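Below is one structure, written out as structure tokens, with a few remarks after it.
Nothing fancy with the numbering, it's 1 onward along the sequence. None of these values were measured; they are calculated from a predicted model.
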Amino acid sequence: MHTTSGRWQYGLFLSVVTAVLWGLLPIALKGLLQYTDVFTITWYRFVIASVFLGGFLVAKSRIPDWNLVKNKTIAILVGVVLIGLLGNYILYMIGLDMTTPGAAQVMIQSAPMLLLLGGLWMFKEQFTFAQWLGLAIFCAGLILFFNQRFDEILTGTGTYTIGIFIIFIAGVLWAAYALAQKQLLKTFASEQIMIMVYLAGAIVFAPISAPLVIVEFDGLAWALLIFCGANTLVAYGAFAEALDHWEASRVSATLAITPLLTLTFMQITEWFAPSFMQPEPLNALSILGAFLVVGGSAITALWKKQ
């Protein structure tokens with residue numbers, strides 16, 4: 001079993017960085033979808049990340065030892081990582097295209113929750129009573145915060161409902177990827193695992209993308225594309241590194257604040273660019289839920305074991 005370094009403060013910092021970047025990502029992706037399709041966006045994200053991370057690894061002589069993948073167990077773990085994350089990327093994009101950034105982040109919360117439960121089961125991690133209480137508070141807060149959206153999710157039909165279901169499947173795949181990656185950290189460094197994913201994504205999505213569409217991009221589209229590519233590199237790098245220093249359950253609990261961050265960033269976007277994207281509506285229950293989400297997440301993530 002992979003064991004953490006014990007540097008929980010550094011793991012917390014990396015988890016918060018990941019949450020902020022993932023909170024911004026669906027807004028940028030939704031904006032970019034006005035210019036091109038989901039496959040082209042996904043391909044460019046992998047290509048950009050591959051170029052920069054690959055160049056860094058070559059310069060540092062840290063290219064993964066591909067001979068290690070000949071081991072059956074490692075090969076299976078690599079397969080789960082690749083299928084899980086590539087599937088997560090494209091399904092999330094398809095679901096986001098059918099819904100809204102806020103709704104997408106509601107459903108993708110299934111991913112860190114499944115990772116949390118997987119960490120308890122697979123890595124034999126334990127919660128104190130306070131942490132279980134914090135998790136319950138967080139879940140209640142999440143429900144309250146998104147109270148105006150659940151009627152659409154539970155009773156809606158058509159494109160929106162299909163999109164929500166697709167995003168849930170993306171969350172399942174993400175949790176599988178994260179659990180497999182944590183085991184791979186015994187064999188490969190986090191950046192070596194990510195370069196495998198990026199290169200695989202660049203190859204898999206190349207035949208169904210339209211790279212030349214960028215010649216028609218304006219300045220905003222270029223800015224969004226560059227941000228999404230950089231986000232892919234930095235966010236997943238920070239997440240992978242966080243798992244090396246902190247327990248999976250606590251990384252997961254910290255990432256659970258991502259929907260709250262997305263809705264906050266959407267409100268800020270509305271203030272500065274009212275025509276860019278419609279923000280999620282807020283009411284009294286949503287505001288109460290926000291406090292419960294933050295408080296519950298903090299208790300669950302930061303409460304130290306006795």
Output the distance between atom [atom1] ([X]) and atom [atom2] ([Y]), rounded to the nearest 0.5 Å.
X: Ile166; Y: Met98; atom1: CD1; atom2: CE; answer: 4.0 Å
X: Leu288; Y: Leu144; atom1: CG; atom2: CG; answer: 5.5 Å
X: Ile195; Y: Ser190; atom1: CD1; atom2: OG; answer: 12.0 Å
X: Asn231; Y: Leu25; atom1: CG; atom2: CG; answer: 4.5 Å
X: Glu241; Y: Trp246; atom1: CD; atom2: CH2; answer: 14.5 Å
X: Asp97; Y: Gln34; atom1: CG; atom2: CD; answer: 10.5 Å

Verify, without hydrogens or angle tests, whether [X] (side chain) and [Y] (backbone) share a donor-acceptor contact under 3.5 angstrom.
X: Gln192; Y: Arg62; result: yes
X: Thr40; Y: Asp37; result: no
X: Trp43; Y: Ser209; result: no

(request) Could you walk me through whether Ile268 and Trp271 pass the side-chain contact (heavy atoms from CB on, under 4.5 Å) test, one step at a time? (result) CA-CA 5 Å; Ile268 296 173; Trp271 293 337; 4.1 Å; yes
Run through [options] and flag the one making a side-chain contact (heavy atoms from CB on, under 4.5 Å) with [X].
X: Val38; options: Ile94, Leu32, Leu91; answer: Ile94
X: Arg45; options: Leu233, Leu225, Leu29; answer: Leu29
X: Leu82; options: Ile193, Val197, Leu199; answer: Val197
X: Phe46; options: Val204, Leu86, Ile203; answer: Leu86

Using every non-hydrogen atom in the two residues, find where [X] and [Y] come nearest and quote the distance to one decimal.
X: Ile257; Y: Ala19; answer: CG1-CB, 4.0 Å
X: Ile41; Y: Leu33; answer: CD1-CD2, 3.7 Å
X: Pro26; Y: Leu96; answer: O-CD2, 3.7 Å
X: Thr18; Y: Ala238; answer: OG1-CB, 3.4 Å
X: Ala170; Y: Tyr92; answer: CB-N, 3.7 Å

Flag the pair [X] / [Y] as yes when at least one side-chain heavy-atom distance between them is below 4.5 Å, and no otherwise.
X: Val251; Y: Leu12; value: no
X: Met196; Y: Phe188; value: yes
X: Tyr177; Y: Val80; value: no
X: Leu14; Y: Val17; value: no
X: Leu24; Y: Phe227; value: yes
X: Gln183; Y: Leu179; value: no
X: Val20; Y: Phe265; value: yes
X: Leu57; Y: Glu191; value: yes

(request) Show the numbers, then the answer: is there a side-chain contact (heavy atoms from CB on, under 4.5 Å) between Thr36 and Tyr44? (result) CA-CA 11 Å; Thr36 186; Tyr44 266 113; over 6 Å; no
(request) Just do the side-chain contact (heavy atoms from CB on, under 4.5 Å) check on Gln9 and His245 with the steps written out, would you? (result) CA-CA 9 Å; Gln9 297 94 334; His245 297 285; over 6 Å; no
(request) Just jot down the ring pair (Phe, Tyr, Trp, His ring centres under 6.0 Å) partners of Trp22, sequence neighbours excluded, or say none. (result) Trp174, Tyr236, Phe239
